[in-house]
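Note that the structure is a prediction, hence the values are computed from the model and not measured.
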Amino acid sequence: MSESWINETLYPDWGQRFRVTRELARVKSDFQDIVVFESDFHGRVLVLDGVIQITERDEFVYQEMLTHVPLLTHPDAKRVLIIGAGDGGVLRRVLQHKTVEKAVMVEIDGAVIELSKQHLPNIAGDAWNDPRADVIVGDGIDYVAKAEDGSFDVIIVDSTDPIGVGEVLFTDAFYKDCARILSAQGLIVNQCGVPFMQADELRETSARRASFFPHVSAYVAAVPTYVGGFMTLGVAAKGVNPTKQSVEDVRARAEAAGILGTTRYWTPEIHVGAFNLPPYIAENLPKQEG
């Protein structure tokens, strides 16, 4: 019997492939092509429009850093808005913080949620049933545009790259609305790609957000299946500068939130150190003071 492989199509000149032991779903939704398959090494894998989104083997790296860093950078994050993240992994990590009172998740593609519930139940765990969670199948752009001023402390954008369905999440209008609906100490985080291959994504996103936030930076996480080196997570803050945190402050917040000792990648030391960027990454950020 011949082997079956899936080839990632993110870059035209470089890629990776996964051996498929069992295909679990192949769906064309109203927004994108969705594939879920099983592999021997990476466990179950979610693919959107030919691009690897998450694998059971290494999802903890991305999910922990995308979630715990902003929630523990904010001095008192209680209200969290998640845009995208249909697999439920970010929602799960947000709700691990016992200090969080409300988590609203807005995912445009309900098929991703349903397929993740069916085939990737370990990613979200019991998060879908948490009473603090409000899961909305809808347009994140529209939700942000209509939300009240200062209604959230942290916004986490877990989107695809700025092509196709994810493109509208990288505009001036979107970031302006995000700044408006964030509280005085609020901050927004979103993935900005692998800068070795996608430097334009980090540079353009950061430049746009600098028009609406006093502090714009990025931090890194090493996610094995996001090929090309460090993944950057862009952060823009209204309050304190995220690059000026101390390990002691982060640890105290993590202890209050009940996070210490529960993670496999994130630690207070990793949190603070992740903002120390190699020059090839830092050169794509706007020059700021303070």
Worksheet item: Should the pair K244 and F275 be classed as cation-pi, given the thresholds of under 6.0 Å to the six-membered ring centre and 45° from the axis?
Response: no
So is R208 actually on top of Y175's ring, under 6.0 Å and inside 45° of the axis?
-> no
Does [atom1] in [X] sit with more than 12 non-hydrogen atoms of other residues, nucleotides or ligands closer than 6.0 Å?
{"X": "K117", "atom1": "NZ", "result": "yes"}
{"X": "D33", "atom1": "CG", "result": "yes"}
{"X": "F212", "atom1": "CZ", "result": "yes"}

Atom of [X], atom of [Y] and distance for their closest heavy-atom approach:
{"X": "A111", "Y": "S29", "answer": "CB-CB, 3.9 Å"}
{"X": "Q191", "Y": "S159", "answer": "NE2-O, 3.1 Å"}
{"X": "R92", "Y": "N122", "answer": "NH1-O, 3.3 Å"}

The side chain to side chain contact (heavy atoms under 4.5 Å, CB included) partner of I156 among L81, L71, N190, I188 is L71
Per side chain to side chain contact (heavy atoms under 4.5 Å, CB included), D109 is matched among L48, I34, V137 by I34
Q: Hey, can you tell me if H42 and F18 have their rings parallel, tilted or perpendicular (30° and 60° cut-offs)?
A: perpendicular
Problem set entry | Whether Y280 and F196 hold their rings parallel, tilted or perpendicular, with breakpoints at 30° and 60° | perpendicular
Under 4.5 Å between any side-chain heavy atoms of [X] and [Y], yes or no?
{"X": "E8", "Y": "T225", "answer": "no"}
{"X": "F60", "Y": "R93", "answer": "yes"}
{"X": "P214", "Y": "N241", "answer": "no"}

So side-chain hydrogen bond (donor to acceptor under 3.5 Å, both in side chains) across residues 250-260, not counting sequence neighbours, yields R251-E269
Residues 229-240 vs side-chain hydrogen bond (donor to acceptor under 3.5 Å, both in side chains), sequence neighbours excluded, gives none
Have Y62 and D158 got a donor and an acceptor in their side chains that come within less than 3.5 Å? yes
Report task. Please determine, by modelled atom types, if T73 and Q245 share a side-chain donor-acceptor pair under 3.5 angstrom. Result -> yes
Between H68 and the options H271, H97, H74, the ring-ring contact (aromatic ring centres under 6.0 Å, His included) test singles out H97
Rounded to the nearest 0.5 angstrom, the CZ-OG1 distance for R44 and T21 is 9.0 Å
